[in-house]
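As structure tokens, the structure follows; a few thoughts come after it.
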Amino acid sequence: MLAVRVAISNPEKAAARAAYLEDHKRHLRSGRLCIVQSGPILDEAGKGSGGVVVADVVSLEEMRRFSAEDPFVLHEVYSSVSIYEWRPTIGARG
């Protein structure tokens, strides 16, 4: 199944974001989760306002565990994190 994590940045945690950015990237690239796509989401001004991860998982719990260990989650760089099952209907997987 595909799972999507949508995380919205906490604007008050800019220093933590900078401090943990490389750890966050290492976590995403660790190979512990089959990530299909990942990257920042931008607001209308082009400023980073969060991130999206799409992963091929056995269960949503797999995505929840991986997300909970993300340095950005651990250090509250995100103000909210939502995880969903995704069933694409159009595109390469639809």
Is there a side-chain contact between [X] and [Y] in this structure, where contact means two heavy atoms from C-beta onward sitting under 4.5 Å apart?
{"X": "Y78", "Y": "V73", "value": "yes"}
{"X": "D56", "Y": "M1", "value": "no"}
{"X": "H24", "Y": "D70", "value": "yes"}
{"X": "D23", "Y": "L21", "value": "no"}
{"X": "M63", "Y": "V4", "value": "no"}

Exercise. When you check the side-chain N and O atoms of R17 and S9, is any donor under 3.5 Å from an acceptor?
Worked result: yes
Seminar exercise, completed: CZ of R26 to OH of Y20, rounded to nearest 0.5 Å, is 12.0 Å
Exercise. Rounded to the nearest 0.5 Å, how far apart are CG of L60 and OG of S67?
Worked result: 11.5 Å
For this session: Could you tell me whether the side chain of S30 and the main chain of H27 form a donor-acceptor pair under 3.5 Å?
Result: yes
Exercise. If you group Ile, Leu, Val, Met, Phe, Trp and Tyr by side-chain heavy-atom gaps below 4.5 Å, do Y84 and W86 land in one group?
Worked result: yes
Show every donor-acceptor pair shorter than 3.5 Å between a side-chain atom in residues 32-55 and any protein atom, with sequence neighbours excluded, or say none if there are none.
| unit_1 | atom_1 | unit_2 | atom_2 | d |
| --- | --- | --- | --- | --- |
| R32 | NH1 | E69 | OE1 | 3.3 |
| R32 | NH2 | E69 | OE1 | 2.1 |
| D43 | OD1 | A45 | N | 3.0 |
| D43 | OD1 | G46 | N | 3.1 |
| D43 | OD1 | K47 | N | 2.8 |
| S49 | OG | I41 | O | 3.4 |

For this session: Identify the heavy atoms of K13 and V77 that sit nearest to each other, and give their distance.
Result: CB-CA, 3.9 Å
For this session: State plainly whether the residues E62 and R64 are in salt-bridge range, i.e. N to O under 4.0 Å.
Result: no
